[in-house]
Structure formats: C-alpha cells, structure tokens
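Positions are given from 1, in the same order as the sequence printed here.
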Amino acid sequence: FLPWLMLRHLARTIMTDSDLARRPIYSAIRSKLTAHLAPTHLHITDTSAQHSEHAAMRAQGHTETHFQVTVVSERFRGELPVRRHRMVYE
C-alpha cells in the first residue's frame with residue numbers, strides 16, 4: 001500500500017519514451033547507473049530549475065544541468081561511503 005501522496009509523486013515521475021528522448025542527460029544518467037550498479041531503487045530528480053538564473057547555467061545553452069540521485073544497490077554492501085560515491089561517478 002502506498003500513501004496517496006506517494007502515488008501522486010510516482011505518477012509525476014513516470015516518464016514515457018518520448019519524455020526520455022527530450023531529456024538526454026537524465027536518460028544517460030539513468031541508463032549508466034542501472035547498467036553499472038543494478039539498483040534495487042533509483043530516484044533521479046532534476047533540480048536544474050533551481051539553478052537556472054546562475055550565469056554559468058544560462059551560458060550552457062541547455063536545461064539539464066543539476067540532478068539529485070538516490071541509489072540503493074547490493075553492490076554498495078560493505079563499501080565505505082567514499083567508495084560508494086566513487087562507484088556512482090565511475
């Protein structure tokens with residue numbers, strides 16, 4: 001059973017293939033993390049809108065610049081936090 005608020009959140013975050021095609025950086029992050037870590041839980045939040053007024057972000061010319069990622073994977077078991085971070089960035 002998922003609370004109503006959680007269901008509403010899930011409905012907003014489920015993306016179709018056409019959504020993913022318009023979000024190449026999001027799609028790349030998702031596919032690489034899925035392939036490398038085989039996560040049991042993966043949640044990616046695009047926080048780019050919070051940084052849209054920064055001069056460096058306007059100069060980028062695209063809208064996907066910042067993401068918050070939560071990953072749960074068995075591959076993290078027994079690893080120190082620093083090693084876990086390295087595994088994500090590899």
Side-chain angles (χ1 to χ4, degrees):
F1 170 74
L2 291 173
W4 176 80
L5 187 57
M6 179 64 103
L7 286 173
R8 199 170 109 201
H9 177 73
L10 284 173
R12 278 197 326 253
T13 58
I14 295 172
M15 293 192 178
T16 65
D17 288 341
S18 63
D19 292 331
L20 293 174
R22 288 190 304 261
R23 311 221 18 231
I25 296 172
Y26 175 95
S27 298
I29 291 169
R30 182 172 203 78
S31 65
K32 288 178 182 182
L33 290 176
T34 300
H36 183 65
L37 298 173
T40 56
H41 174 80
L42 176 61
H43 184 82
I44 304 169
T45 304
D46 185 347
T47 60
S48 302
Q50 298 170 5
H51 305 275
S52 62
E53 294 304 315
H54 299 176
M57 297 305 104
R58 288 194 305 263
Q60 292 269 334
H62 57 84
T63 59
E64 293 182 279
T65 57
H66 292 76
F67 295 89
Q68 180 181 18
V69 178
T70 303
V71 184
V72 178
S73 174
E74 283 297 316
R75 294 187 181 164
F76 291 146
R77 187 178 300 277
E79 300 290 348
L80 295 173
V82 171
R83 176 65 184 129
R84 293 175 186 179
H85 279 95
R86 288 181 183 151
M87 290 169 72
V88 169
Y89 287 107
E90 290 176 343

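Atoms CG and CZ, on L80 and R86 in that order, are 9.5 Å from each other to the nearest 0.5 Å. Here H85 contributes atom NE2 and E90 contributes atom CD; the two are 13.0 Å apart, rounded to the nearest 0.5 Å. The CG atom of L33 sits 6.0 Å away from atom CD1 of I44, with the distance rounded to the nearest 0.5 Å. Interatomic distance, L42 CG to R30 CZ, rounded to the nearest 0.5 Å: 5.0 Å. Rounded to the nearest 0.5 Å, atoms OG1 (T47) and CZ (F67) are 8.0 Å apart. Taking CZ of R75 as the reference point, atom CE of M87 lies at 7.5 Å (rounded to 0.5 Å).
Counting heavy-atom neighbours within 6.0 Å of R83 CZ, excluding the residue itself, gives a total above 12. The 12-atom threshold is exceeded at NE2 of H36, counting heavy atoms of other residues, nucleotides or ligands nearer than 6.0 Å.
Residues A38 and S73 come closest through the heavy atom pair O-OG, 4.0 Å.
Using a 4.5 Å heavy-atom threshold, the side chains of V69 and V88 count as separate.
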